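Written out below as structure tokens is the structure these notes cover.
Just so it is clear: chains get the letters A, B, ... in the order the sequence lines come, proteins before strands, and each one is counted from 1. Source: prediction; values computed, not measured. Computed from heavy atoms alone, side chains included, the values below leave out hydrogens, waters and symmetry copies.
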2 protein chains.
Amino acid sequence: MARKNFSEKREAIYSLIRNTKTHPSAEWVYQQLKDKYPNISLGTVYRNMAMFVEQGLIVSIGTVNGRERFDADTSLHAHFICDECEAVIDLDYLPYDRELDDSVALNTGHSVKNHSVFFHGKCRKCVEKSFI
Amino acid sequence: MARKNFSEKREAIYSLIRNTKTHPSAEWVYQQLKDKYPNISLGTVYRNMAMFVEQGLIVSIGTVNGRERFDADTSLHAHFICDECEAVIDLDYLPYDRELDDSVALNTGHSVKNHSVFFHGKCRKCVEKSFI
DNA sequence: AACGATAACGATAATGATTATCGTTTACAT
DNA sequence: ATGTAAACGATAATCATTATCGTTATCGTT
């Protein structure tokens with residue numbers, strides 16, 4: 001799983017993102033790593049996240065309540081965003097419709113790279129909680 | 001077009017948003033109004049935007065490069081976002097698929113309110129520019 | 001018209017996320 | 001061991017947004 005020439009911190013950040021489904025923010029990553037690396041800097045996390053995005057290792061899936069969220073699964077897939085707890089959940093079972101991109105390009109004259117779909121609402125856990 | 005009990009500034013902000021297709025940010029609205037109202041405050045724009053969203057008169061369509069963008073067309077429709085010039089363009093000809101919301105709710109157990117679709121790429125104008 | 005209550009405002013400070021800076025440390029090749 | 005470049009930690013700076021607070025405008029009532 002380790003990558004070419006990654007420093008210890010960089011590797012730790014990357015493998016943490018790879019091995020979580022939480023679509024983390026930089027702050028979240030920082031909080032997770034503070035235990036194992038007590039002197040890690042938040043700036044280091046931001047710096048490495050930006051580099052991962054730059055290199056296509058991860059993608060930014062936009063911002064939830066002002067905080068940028070990342071995904072190590074770079075395939076095009078939809079997400080569910082819980083407006084209550086800010087959870088971002090994969091909906092990778094939904095097929096990606098590339099023909100839709102072509103159709104929009106044809107209809108509008110814009111050059112379409114891709115599209116993203118975000119479902120909003122209350123996640124299952126939050127729905128259950130509200131019944132207690 | 002004027003609304004119930006709107007102050008002059010509030011009315012100006014609201015009708016500006018209504019009469020543009022740019023999906024403006026708070027800063028953009030502020031810049032537009034500075035000529036006519038030289039002493040208008042950016043805080044006033046933010047305050048009123050928040051109130052319009054609160055009351056359902058406009059919606060936030062998320063953030064583009066860190067700046068929140070608004071839409072006075074509160075109907076559910078897709079948008080094209082130009083990654084070069086930050087233009088946000090309506091794709092209101094695309095039908096909204098409410099059954100998709102039901103299907104996701106059924107498949108995941110989340111309570112789905114709605115979904116939003118963002119196409120990314122280069123808008124027609126930017127494509128043309130790059131050929132000059 | 002004057003009064004008082006309330007809403008809205010302008011100016012500005014505060015916040016929070018992100019980015020930049022800069023001196024130091026690490027890793028690694030010579 | 002030394003030199004070089006990459007990476008780091010600490011911290012300052014930036015940028016969008018939100019909060020504060022004293023002042024001003026609005027409006028209904030007298």
Run the salt-bridge test on A:Glu84 and A:Lys129 with the 4.0 Å N-O cut-off and return the result as yes or no. no
side-chain hydrogen bond (donor to acceptor under 3.5 Å, both in side chains) contacts touching residues 36-46 of chain B (sequence neighbours left out):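 As it turns out, there is no side-chain hydrogen bond (donor to acceptor under 3.5 Å, both in side chains) pair with a partner in residues 36-46 of chain B once direct neighbours are skipped.
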Please report, rounded to the nearest Å, how far the P atom of D:dA7 is from the CZ atom of A:Phe6.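 Taking CZ of A:Phe6 and P of D:dA7, I get 9 Å after rounding.
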For A:His77, ring-ring contact (aromatic ring centres under 6.0 Å, His included) partners two or more places apart: A:His79
Under a 4.0 Å heavy-atom cut-off, which of [range] touch DNA chain C?
range: residues 24-35 of chain A; value: none
range: residues 39-47 of chain B; value: B:Asn39, B:Ile40, B:Ser41, B:Thr44, B:Arg47
range: residues 61-72 of chain A; value: A:Gly66, A:Arg67, A:Glu68

Opening and closing nucleotides of DNA chain C in contact with chain A, under 4.0 Å to non-hydrogen atoms: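 For DNA chain C, the relevant span reads C:dA17 to C:dT19.
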Give me the other members of the hydrophobic cluster that [X] sits in, counting Ile, Leu, Val, Met, Phe, Trp and Tyr linked by side-chain heavy atoms under 4.5 Å, directly or via other members.
X: B:Leu94; result: A:Phe80, A:Ile89, A:Leu91, A:Tyr93, A:Leu94, A:Leu100, A:Val104, A:Val112, A:Val117, A:Phe119, B:Phe80, B:Ile89, B:Leu91, B:Tyr93, B:Leu100, B:Val104, B:Val112, B:Val117, B:Phe119
X: B:Tyr96; result: B:Leu76
X: B:Val127; result: B:Phe131
X: A:Phe118; result: A:Val59, A:Ile61, A:Val64, A:Ile81, A:Val88, B:Val59, B:Ile61, B:Val64, B:Ile81, B:Val88, B:Phe118

List the residues meeting side-chain hydrogen bond (donor to acceptor under 3.5 Å, both in side chains) with A:Arg69, not counting sequence neighbours, and say none if there are none.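 Partners of A:Arg69 by the side-chain hydrogen bond (donor to acceptor under 3.5 Å, both in side chains) criterion come out as none, since no residue qualifies.
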With distance as the sole criterion, is a donor-acceptor pair present between the side chains of B:Asp71 and B:His23 under 3.5 Å? yes
Overall bend - the helix from C:dA1-D:dT30 to C:dT30-D:dA1, comparing terminal axes fitted on five pairs, nearest 10 degrees: 10°
